[in-house]
Amino acid sequence: MLYLDKKHDPRKNAKLLSQITESKQDIKKAIKETERLFHQHSMNGHILEQNYAQSFSVLAFLKKFVTSLTHLTFTSLGNDNIVASDTFVDEKGNVYPRWKERLDTEYAKLMNEIHLEVNVADYGAVGDGITDNTKAFKKAIGNGRVKVHVPEGVFLTKGIRLPSWTCLIGKGKGVTTIKLHNDTPKGTRLVTNANHLRGNRNILVQGMSLDWNVGRLASTDKTSTGGNHSSCLTFANVSLGWVKDVEGIDAGLHCFDVSSTFYNYSGDGTRARGGSKYVWLDNLNGYGFGDDGITTHHSDYILISNSHMCDPSGRAHDNGASNSNGIEIDDGSRNVWLVNNSTSRCFGGVEIKAHHNSSAASNVQIIGHISVNDNRSYNFRHIGHHKSTDPESKTAYNIKATNIAAIAPIYTELYTDSTPRGMVVSAYRNVVINNFTLIGDPDYNYKGNSVIAIQYRARNVVLNNVAIRNFKSAGVDIKVFGGEHRADHIHICNVMIRNSAPQAIDIGSGVQSVRIHKVIALSQNGRYGFKAANFPTSISEFYARGYKTPFSIAGNDYETI
């Protein structure tokens, strides 16, 4: 089974993903297909009554379900019209949002505007892991418009604040380390921008390790003070920022936080002032974080690429109830691209969410991600907007994911009551998942839980080109939950399941519209199962509806003979 340690080189993720995923579709074609499915099945957050006017047809499903038991052929849904995309793929296969052009223009401007280059050692800094270098960094940085080089060594500081038009550049991860001094308070941000209220622009941090020095706290302490404090690097109200080739170590809260001036909890539909925008995080590593590895709040146009987050401490939370995610796109974030990242041994690999009293993240695109041994590989939810008695979310909509993998989700001491899942979708509308590979550990005890859960008022969800295998002790591979807070308007297409749960798909009671097309499930004994609440429950009813063998019925379970 794949293992990604804290020193994993995330620049290899794209190649590694190509070896893992079962779909070998060209990335340009895959993104194009995702866009087409999104435009076909989403509708500005409204339920697609017109598109799903016909109710779920059992007979149509059964006919397609048994098309082949020996080989699999995926076909596209409908025509192959070209759909305009906000994503660009260059000739080398690199994937970017089209708005990255603005970042590139401003990066060139940053390089041209800076005419002063200094070395922090010339201002008295000593990288001996003993000397307090706070004043040396402050003198070297001055009022900005400077490129500050940091040589090899371990440089202690009580915090660094970067004004606009500033570059802070080290010699590389593990070569240059900036570390918090033992005498700094718990709420200290190791590196941040100078003015959170008025904002800053055009800041680059590159080539170093940032050690929050959690060892200076007692082993029983929670490691954060709330808000956007206690992190290795915080950009709050930053326009045009770059963080490249940086490692975050043992952050009290987050390794990397792209944030607003203050977090905002004024209710669903509101966003904080002073959000960051146009920020690129690339080739980052992070581990030992008290909450999340990378997080965004109330910020727009964020690109996170080629990064790896793993092994959180969870110490910002109560023991056993730590929502520590590798990458979290949180409250009020919009237009966020995640490209070829990886996560391992976190609570959530990628979590797209909001708290109950804040706006949900929206317009998020994942293109390439590897989740290994996370408890919930992909977790999309708006807390407090799930149940029938909750208000419906105003802001939880528009997620696209292409070419992603969930490998061996597990139970975790981070959150002891949470069941392992490859994906959970709750409350969100307009979600398209295209080219999704899920690989379980055949010897692991999943205790009868579902692998993919579409639940809690999720709407307009598409699962296309999904390959699932080796979740033998799970209860069902894909479950669409019913009941008063049911999911609805679900499209499941081109699914290949091998040697996995005894039941392939379970459609809960009260679900009004589900379309299922081309599902093939194979197991060692050549049997597979499907369950739906509106299926006939007796042999006589089965034949009365005009269905024929080769299906037998045992309650609501349908299996091949």
Side-chain angles (χ1 to χ4, degrees), residues 102-103 106-107 109-111 113-114 116 118 120 133-150 155 157-170 178 180 184-185 187-208 210 212 224-246 248 251-264 272-282 284 286 292 294-304 330 332-333 336:
R102 178 171 181 181
L103 274 168
E106 291 290 339
Y107 185 85
K109 187 183 296 186
L110 172 65
M111 295 298 107
E113 288 285 334
I114 292 178
L116 176 64
V118 302
V120 71
N133 299 290
T134 306
K135 291 182 179 180
F137 275 102
K138 188 174 182 178
K139 289 179 182 178
I141 292 167
N143 294 319
R145 296 191 179 273
V146 62
K147 184 181 293 184
V148 179
H149 293 278
V150 188
F155 294 84
T157 174
K158 293 180 180 178
I160 296 173
R161 301 177 69 86
L162 302 175
S164 301
W165 303 98
T166 300
C167 302
L168 183 67
I169 302 176
I178 299 176
L180 274 181
T184 51
T188 303
R189 308 173 185 94
L190 176 50
V191 175
T192 190
N193 55 298
N195 197 317
H196 291 191
L197 290 176
R198 288 185 297 176
N200 295 103
R201 60 173 295 171
N202 294 72
I203 297 174
L204 167 67
V205 179
Q206 184 172 12
M208 64 188 66
L210 299 177
W212 194 78
S224 67
T225 59
N228 57 20
H229 295 264
S230 309
S231 296
C232 289
L233 182 142
T234 301
F235 275 177
N237 198 357
V238 170
S239 298
L240 304 160
W242 299 262
V243 183
K244 297 187 174 185
D245 314 322
V246 176
L253 189 65
H254 306 127
C255 286
F256 306 94
D257 187 351
V258 180
S259 175
S260 52
T261 303
F262 303 102
Y263 293 167
N264 181 285
R273 294 182 179 181
S276 296
K277 56 181 180 285
Y278 296 105
V279 176
W280 183 10
L281 311 179
D282 183 60
L284 309 183
D292 306 311
I294 300 174
T295 189
T296 68
H297 296 82
H298 302 284
S299 297
D300 297 86
Y301 302 105
I302 311 300
L303 171 58
I304 303 169
D330 206 352
S333 299
V336 179

task: Could you tell me which residues satisfy salt bridge (charged side-chain N to carboxylate O under 4.0 Å, His left out) with Asp282, sequence neighbours excluded, listed by chain and number?
output: none
query: Applying salt bridge (charged side-chain N to carboxylate O under 4.0 Å, His left out), which residue pairs with at least one partner in residues 193-208 are found, sequence neighbours left out?
result: Glu106-Arg201
- request: Could you tell me which non-hydrogen atom of Val205 sits nearest to which non-hydrogen atom of Phe235, and how far apart they are?
  value: CG2-CZ, 4.4 Å
- prompt: Any sub-3.5 Å donor-acceptor pair from Ser276's side-chain atoms to Asn237's backbone N or O?
  reply: yes
query: Hey, is NZ on Lys158 packed in by over 12 heavy atoms from elsewhere, all under 6.0 Å?
result: yes
message: Set out, in order, the CA-CA distance, both residues' side-chain angles and the distance that settles side chain to side chain contact (heavy atoms under 4.5 Å, CB included) for Thr157 and Leu190, then state yes or no.
response: CA-CA 8 Å; Thr157 174; Leu190 176 50; 3.8 Å; yes
task: Find out whether Leu204 and Lys147 are in side-chain contact, i.e. whether some heavy atom of one side chain is under 4.5 Å from a heavy atom of the other.
output: no
- prompt: Is there a donor-acceptor pair closer than 3.5 Å between any side-chain N or O of Ser333 and the backbone N or O of Thr296?
  reply: yes
message: Pair Met208, Leu168 - check side chain to side chain contact (heavy atoms under 4.5 Å, CB included), show working.
response: CA-CA 9 Å; Met208 64 188 66; Leu168 183 67; 3.9 Å; yes
Results of ring-ring contact (aromatic ring centres under 6.0 Å, His included) for Phe137 - residues two or more places apart only: none
- prompt: Under 4.5 Å between any side-chain heavy atoms of His298 and Phe262, yes or no?
  reply: no
- prompt: Do you know which of Leu210, Val191, Val246 makes side-chain contact (heavy atoms from CB on, under 4.5 Å) with Cys232?
  reply: Leu210
message: For His254, is there any backbone N or O sitting under 3.5 Å from a side-chain donor or acceptor partner on Trp212?
response: no
task: Write down the atom of Thr225, the atom of Ser230, and the distance for their closest heavy-atom approach.
output: N-OG, 3.3 Å
- prompt: With Asn200, which of Thr166, Asn193, Asn195 fulfils side-chain hydrogen bond (donor to acceptor under 3.5 Å, both in side chains)?
  reply: Asn193
field: Point-to-point distance, once rounded to the nearest 0.5 Å, from CG of Leu284 to CD1 of Ile294
entry: 5.0 Å
